[in-house]
Amino acid sequence: MKPRTLDHTDTLELPVTGDGPFNALHTFWKPSHYATGLEAHTQARSWRTFRIDDLVIGVRLRAEDRTVIADVYTDADFKSDHRQQLARRLVSSYGLDEDQAAFTELAARVPAMRQALTDLGGMRQSCPEDHFEIAVIALLLQNVTIARTTQMTRNLLVHYGHLVRFDGITLRAWFTPNEIAHVPPETLKEKDRLGFRAKSMPHYAAYFRDHSTEDLQAAGNLMEAVQEIKGVGPYTAAVIASHASRDPAVFGIDVWNRKILARCLLDADDAEPQTVMARLNELFPGYAGTAGLYLVEHSYLSRPVAPLLAPDQHALARWNASLEQEASA
DNA sequence: ACCCAGGAGTTCC
DNA sequence: GGAACTCATGGG
C-alpha cells in the first residue's frame, strides 16, 4: 500500500520551561518501548505521527539546547487552532514544562537509582499517545508476550489506522475512536487476533469518543473513572494515569516490570507486587512512576527493544520498505 | 501436554 | 475481601 504524502506546513519552537536537566534523546526515545511503526528515532532526530481532531500530522523533532524544534507535516488545512492544539500536545507529551529537580534530588540519595540517574538524567516520561491511544496500548499488553502485542498492534494499525510519508520517512498513524468504534468484536478477534481483548475494544472506543481529554483531566479520580470501562482494570488505569495524565506518583505494575524492580530494589529475581510497590513508594514517595520509569528504561539501555535507526539513506529505505510492504499484505 | 505472557471479570467462600 | 477459575492465543 502506498502511503499518503504529508507536506511541510509549519515549524514550532518549544522552549523547555521546566527546571532540571533535559535529555532530548531519552525523552523522545525509550529503549524499552516495542516497535509500533508510529515513531522512528535516530541519535539526533525523531519522527512521530499525531491525530489532532481528524487530521493526520507528521512531526520531526530535534532539540537545540533547551528548545525543541518541531517541523510539522500535513495534507489538509492546518488552522491556527490545530497549531495551538499540537503545541500543547507536544509540550505535554514530552513533559517540556515539568519540573525535574524534585525527583532528581530525591533519586540522587538512593544508591539503587544512582547509575540510572547518571545515564538517563534529564529524561522525562514520554507519551505521544492520547488517553485513548495509551489505553489501547495497555489493552494489547494484557497477559501476552511482547511478540503478540506487536502483532496485534500491527494488525489494528494496518487495518484501521493510516500510513503516511513525510520528510523521507514512512510511518503509521493511529485510528481515532470513531474510526474503530463500528468494527464488530468478531472481526477484531478473528481478523486482528485480539483474543479476549476483542470484546473490550468497542467499550474503549465508545468511552473515549464520548469523553474528551479535557473531561478526563477534570475528572476527580481518573483511575476510578476509567475502570468503569469494561476491560480496564488496575494496571490499564495506572498506565493511563501515569502516561497520558502524567501522574508521577502512579506506576502500573505488571509481571514484566515487577521482576525488573525486584532485582533493582529487593535483590531478588521476583517478589509479590505489593512488596515491590511498597518498596518503590517507600524509596520514592510521590515519584513511584518516575522512579519505575528510570529503572526500567535503564535496564534496557544496553539492549533496546527497538534500537535507534542509523542516520543513513539505506537504513531509512529499509524502514520505509518494511512498513509499506506490511501494509499491503 | 503443560506453562507462561508487560491482566481483567466472574464466581465462589 | 480475597482465592480460584476462565478468557484467547502463540511460543517455549
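Not measured: the values here are computed from a predicted model.
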task = Describe the nucleic acid contact of A/Thr149 in one word from base, sugar-phosphate, nothing, applying a heavy-atom distance below 4.0 Å.
result = nothing
request  = Could you check whether A/Ile229 gets within reach of a base, just the sugar-phosphate, or nothing at all, counting any heavy atom under 4.0 Å?
outcome  = sugar-phosphate
query = Taking OH from A/Tyr34 and C1' from B/dA5, how many angstroms apart are they, rounded to a whole number?
reply = 14 Å
ask   = Is the ring of A/Phe196 stacked on the base of C/dA8, with centres less than 5.5 Å apart and planes under 30° off?
value = no
query = Under 4.0 Å: is that the gap between some side-chain N or O of A/Lys199 and OP1 or OP2 of C/dA8?
reply = yes
inquiry  = Any side-chain to backbone donor/acceptor pair from A/Thr49 onto A/Arg172? Under 3.5 Å, distance only.
reply    = yes
key: Interatomic spacing from CH2 in A/Trp47 to CG in A/Leu61 - rounded to 0.5 Å   = 10.0 Å
message = If the cut-off is 4.0 Å, is A/Lys230 near the phosphate of B/dT10, judged by side-chain N/O to OP1 or OP2?
response = yes
remark   = In whole angstroms, the gap separating P of C/dT9 from CG of A/Leu139 amounts to 14 Å
request  = Take atom CE of A/Met201 and atom P of B/dA8, then tell me their distance rounded to the nearest Å.
outcome  = 15 Å
request  = Please figure out whether A/Val144 or A/Ala147 has its closest DNA chain C nucleotide nearer the 5' end.
outcome  = A/Val144
message = Tell me whether A/Asp247 contacts the main-chain N or O of A/Ala249 through its side chain, where contact means a donor paired with an acceptor under 3.5 Å.
response = yes
query = Contact class for A/Val232 vs. all strands (heavy atom < 4.0 Å): base, sugar-phosphate, or nothing?
reply = sugar-phosphate
note = Taking every heavy atom of A/Ala238 against every heavy atom of A/Val250, the minimum-distance pair comes out as O-CG1, 3.5 Å
ask   = If you check every side-chain atom of A/Arg193, which of C/dT9, C/dA8, B/dG9 has the closest atom?
value = C/dT9
task = Could you check how far CD of A/Gln142 sits from C1' of B/dA8, rounded to whole Å?
result = 6 Å
ask   = Rounded to whole angstrom units, what separation is found between the NZ atom of A/Lys189 and the P atom of C/dC7?
value = 10 Å
request  = Look at A/Thr236 and B/dA8 and indicate whether a side-chain polar atom (N or O) is within less than 4.0 Å of OP1 or OP2.
outcome  = yes
Separation of B/dG7 C1' from A/Ile137 CD1 (nearest whole Å) = 16 Å
key: Atom P, compared across C/dA8 and B/dT11: separation rounded to whole Å   = 15 Å
request  = Nearest whole angstrom, please: distance from the P of B/dG7 to the NE2 of A/His203.
outcome  = 21 Å
message = So for atom CD, which belongs to A/Gln274, do other residues, nucleotides or ligands contribute more than 12 heavy atoms lying within a distance under 6.0 Å?
response = yes
Atom-pair distance (CG on A/Leu194; C1' on C/dC7), nearest Å = 14 Å
inquiry  = I'd like to know if A/Asn143 reaches the base of C/dA8 with its side chain, counting only an N/O donor and acceptor under 3.5 Å.
reply    = yes
remark   = Taken in chain and number order and not counting sequence neighbours, the residues that satisfy side chain to side chain donor-acceptor pair (under 3.5 Å) with A/His26 are A/Asn23
ask   = Mind checking the C1' distance from C/dC5 to B/dG6? Whole angstroms is fine.
value = 22 Å
inquiry  = Any base atoms under 4.0 Å from A/Arg258, or only sugar-phosphate, or nothing? Heavy atoms, all strands.
reply    = nothing
note = When A/Ala237 and A/Arg148 are each assigned the nearest nucleotide of DNA chain B, the 5'-most assignment goes to A/Arg148
message = Taking the P atom in each of C/dG2 and B/dA5, what is the distance between them to the nearest angstrom?
response = 23 Å
